[in-house]
Amino acid sequence: MERAQHGGDDLILVVDDDPTLRMLARATLEKAGFRVEEAEDGEQALRKFIRHHPAVIMMDVEMPKLNGYEACKRIREDAVGAHVPVLMVTGLEDIESVNRAYSAGATDFLSKPINWSLISHRVRYVLRASRTYQELRTSEAKNNALLNAMPDTLFVIRRNGDIVNFLAGNEAATLPEPRGDQLNIRQYLPQAVAEKWFDSVTRVMRDGKAQQCEFSLTNETQQYHYELQMVPYLNDLTLAIVREITDRKRSEEEVHRLAYFDTLTGLPNRQLFHEQLSKAIKRAEKSGTKVAALYVDLDNFKRINDTLGHSFGDVVLKTIANRLDSCIRADDCVTRADSNNDEIRLARLGGDEFVAILQDLESEEDAVLVADRIRQELTKPVEHLGHEFVVTSSIGVSLYPHDGADIDTLLKNADVAMYQAKSAGRNSVRFYSGTMSLRSLERLELENGLRYAIQRNELSLHYQPKIHLETGEFFGVEALLRWEHPERGDIPPSQFIPLAEECGLISTLGEWVLDQACRQAKKWQDRYQRNINIAVNVSSQQFFNADFADIVLKKVFDAGISPSSLQLELTESILMNDVIETIAILNKLKKAGTSLAMDDVGTGYSSLSYLNRLPLDTLKIDRTFVMDLETNRENAAICAAIIAMAHNLDLLVVAEGVETEAQKAYLLSHHCDQIQGYLISKPLPAEQLENAFLATAEMPSPVPGA
Ligand code: C2E
Ligand code: CA
Ligand code: CA
């Protein structure tokens with residue numbers, strides 16, 4: 001502070017028209033260590049001020065040319081001069097001239113006669129005050145510059161949430177200044193956000209440490225994101241620094257979207273799905289519920305792409321993605337009500353592979369239900385540019401915790417199950433073989449039994465007659481497989497056929513059936529010298545085996561019957577599976593003379609629009625529609641519609657499961673061609689059928705009046 005004590009080399013400009021006074025001033029001030037410049041009137045004072053930048057100006061008021069008041073005013077108008085201390089020397093200590101001096105911008109005043117012993121102290125005092133003021137001003141200017149340059153909006157908040165101070169950020173402020181009625185953050189912010197702020201304030205007060213969090217605000221059109229930093233301020237005050245991060249958030253989201261989502265379907269990709277599945281597993285671990293991973297693969301998607309083009313392929317993928325999504329959302333009936341709807345449960349793993357998670361499952365059966373519903377839903381035809389196309393899918397399911405305790409194992413096993421579903425003839429659902437633990441032992445036993453059933457002669461065929469409805473004439477038989485287990489007795493085909501399909505035995509069994517049936521037909525034809533049509537059921541796995549058509553024709557020729565004596569009963573799931581491949585096989589059989597029937601018509605799928613593209617001869621109305629014809633008007637109508645449609649397409653119609661005269665009468669009135677069912681006969685062993693239908697010259701006469 002030496003400079004302040006001795007004046008340093010601060011320059012004082014002494015302005016007075018009285019040379020004696022100037023001389024005295026110079027002498028006193030120089031003695032105190034100041035430098036001095038003199039001016040003898042107002043105009044000269046202005047010139048010297050500009051040239052020398054004095055630290056203080058001592059200015060007489062009464063001067064020629066330009067008086068002191070005027071000169072002071074002019075100096076004050078100058079940017080530099082605005083803050084230079086001006087000591088006005090008034091002639092008299094009258095209130096009038098003091099007022100004038102102040103309103104001209106004087107910093108202080110001295111009155112004549114001047115007390116020279118005090119003058120340097122006075123100057124020093126003014127100078128020091130001016131310095132302090134200058135320093136404050138620059139530091140404030142610095143602060144302001146800093147604050148104005150910051151994009152952040154600042155709030156000073158009291159412990160109770162009162163907003164004590166607000167400084168808007170420099171960016172187009174999306175946080176508005178608090179209005180008069182918003183002086184507490186509870187009024188200023190939406191409740192949830194306000195609570196977040198309170199939380200931060202409380203923590204800052206308690207720990208004395210900065211806190212950070214993010215929050216969002218939404219107006220009518222947009223959502224804004226902010227980062228909030230709370231730092232301790234003074235006493236019970238906290239400084240909240242808010243920065244808008246909407247743009248950053250958006251680009252983060254965009255990166256996230258690109259990194260985690262599939263662009264075609266908008267579904268999450270493998271990475272994101274992985275994360276979600278691991279969360280689901282953690283939750284299931286806590287709650288003791290089950291999680292199912294469903295691996296969905298479209299059957300022959302490559303062929304769709306190759307034959308119908310990639311744009312159609314894209315449509316198929318998008319459609320399937322939407323259907324899967326809605327299926328899974330609809331499954332909330334089996335999941336807990338409190339499960340979060342926004343959770344990701346479906347992903348595209350690439351190509352035509354999708355994977356879904358079912359959470360909060362109480363039992364394995366829930367997964368079976370949903371998986372089957374998905375399979376059915378996906379089988380509905382996809383429409384594009386007026387074309388309808390059926391896409392089936394194979395679904396593999398694995399369950400947490402049984403089939404794997406971690407994501408990778410779970411997904412891998414679902415994948416394995418999916419391949420089993422594929423090789424089982426597509427359009428089916430398979431559980432990973434480790435699943436369904438309770439039944440697995442029993443199944444294994446049955447499966448083993450089935451492997452040896454042929455060798456051990458436990459299998460046989462029963463034959464159920466089909467008759468022409470109008471004439472009652474015998475037409476032929478359907479061969480139905482029977483298994484007499486050495487310990488368990490008769491096992492119904494509804495149990496062992498699916499098992500045979502699952503363990504890959506169905507083709508062997510199917511060949512055995514074909515072989516036996518053709519030979520039986522040959523025997524009857526030779527013995528009774530008439531054509532006897534024999535119908536054989538074909539499972540889809542068997543149908544899609546390589547060489548199916550060749551195997552069938554070989555059996556026919558080996559047995560020595562005409563191919564036209566054989567009818568193959570094919571399920572809807574075969575016929576709609578993959579139209580191009582299917583048609584090729586069907587055509588081959590058709591050309592050789594085999595007759596082709598669609599079994600169980602009306603069950604399963606809604607679209608029969610592809611029927612006219614298939615070389616079929618016969619439709620078999622499923623038993624479930626015939627069953628309650630008399631009481632269910634809708635089913636009666638379906639039967640009538642199927643008959644009409646079949647005739648339209650030049651196909652024969654067989655109604656199966658006819659048990660009553662009333663059913664028969666209804667079918668007759670709608671011109672159904674043939675019937676089959678307990679009303680005529682149960683399926684019978686070869687010999688019994690022979691005795692009842694072939695050996696007697698007469699047919700079992702229809703009940704009179706029918
Ligand atoms: P399906 O092809 O629909 O066969 C007709 C089923 O209906 C037979 O059951 C038959 O016994 C039963 N049925 C016939 N008339 C009536 C009736 O008036 N009332 C009632 N309630 N039922 C009647 P089954 O023999 O138990 O066969 C069940 C299913 O097993 C068959 O259904 C077929 O899908 C399959 N199946 C049977 N044998 C073979 C075979 O050799 N190969 C293949 N792949 N599947 C077979
Ligand atoms: Ca059948
Ligand atoms: Ca049936």
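This is a predicted model, so every value here is computed, not measured. In each ligand, atom 1 is the first atom listed, and ligand 1 is the first ligand listed.
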Against heavy atoms of [X], which atoms of ligand 1 measure under 4.0 Å?
| X | answer |
| --- | --- |
| S539 | 44 (N) |
| E659 | 17 (C), 18 (O), 19 (N), 20 (C), 21 (N) |
| I497 | 39 (C), 43 (C), 45 (N), 46 (C) |
| G677 | 15 (N), 18 (O) |

Quiz item: Picking from T618, N537, I574, V538, what satisfies side chain to side chain contact (heavy atoms under 4.5 Å, CB included) with L568?
Solution: V538
Practice problem: Apply salt bridge (charged side-chain N to carboxylate O under 4.0 Å, His left out) to D673 and list each qualifying residue two or more places apart in sequence or on a separate chain. | Solution: none
Exercise. Could you tell me which residues satisfy salt bridge (charged side-chain N to carboxylate O under 4.0 Å, His left out) with E511, sequence neighbours excluded, listed by chain and number?
Key: none
Heavy-atom contact check, 4.0 Å cutoff: does [X] meet ligand 1?
| X | result |
| --- | --- |
| P683 | yes |
| G657 | yes |
| R482 | yes |

Taking heavy atoms and a distance under 4.0 Å, where does [X] meet ligand 1: side chain, backbone, both or neither?
| X | value |
| --- | --- |
| T571 | neither |
| V513 | side chain |
| D599 | side chain |
| M627 | neither |
| E478 | side chain |

Checking [Y] against [X]: is there a side-chain donor and acceptor pair closer than 3.5 Å?
| X | Y | value |
| --- | --- | --- |
| Q541 | E501 | no |
| Y528 | E690 | yes |
| Q567 | K620 | no |

Practice problem: If the plane angle is over 60° it's perpendicular, under 30° parallel, otherwise tilted; pick one for Y463 and W524. | Solution: perpendicular
Exercise. Answer yes when D617 and K590 have at least one side-chain N-carboxylate O distance shorter than 4.0 Å, and no when they do not.
Key: yes
Quiz item: Which N, O or S atom name in D599 marks its closest approach to the Ca ion (ligand 2)?
Solution: OD2
Quiz item: Restricting to N, O or S atoms of E569, which is nearest to the Ca ion (ligand 2)?
Solution: OE1
Quiz item: Within less than 3.0 Å of the Ca ion (ligand 2), any N, O or S from D600?
Solution: no
Quiz item: So, is E478 placed with an N/O/S atom under 3.0 Å from the Ca ion (ligand 2), counting both backbone and side chain?
Solution: yes
Quiz prompt | Verdict with supporting geometry, D515 and R519, salt bridge (Lys or Arg N to Asp or Glu O under 4.0 Å) | solution = CA-CA 6 Å; D515 191 77; R519 284 176 202 283; 2.9 Å; yes
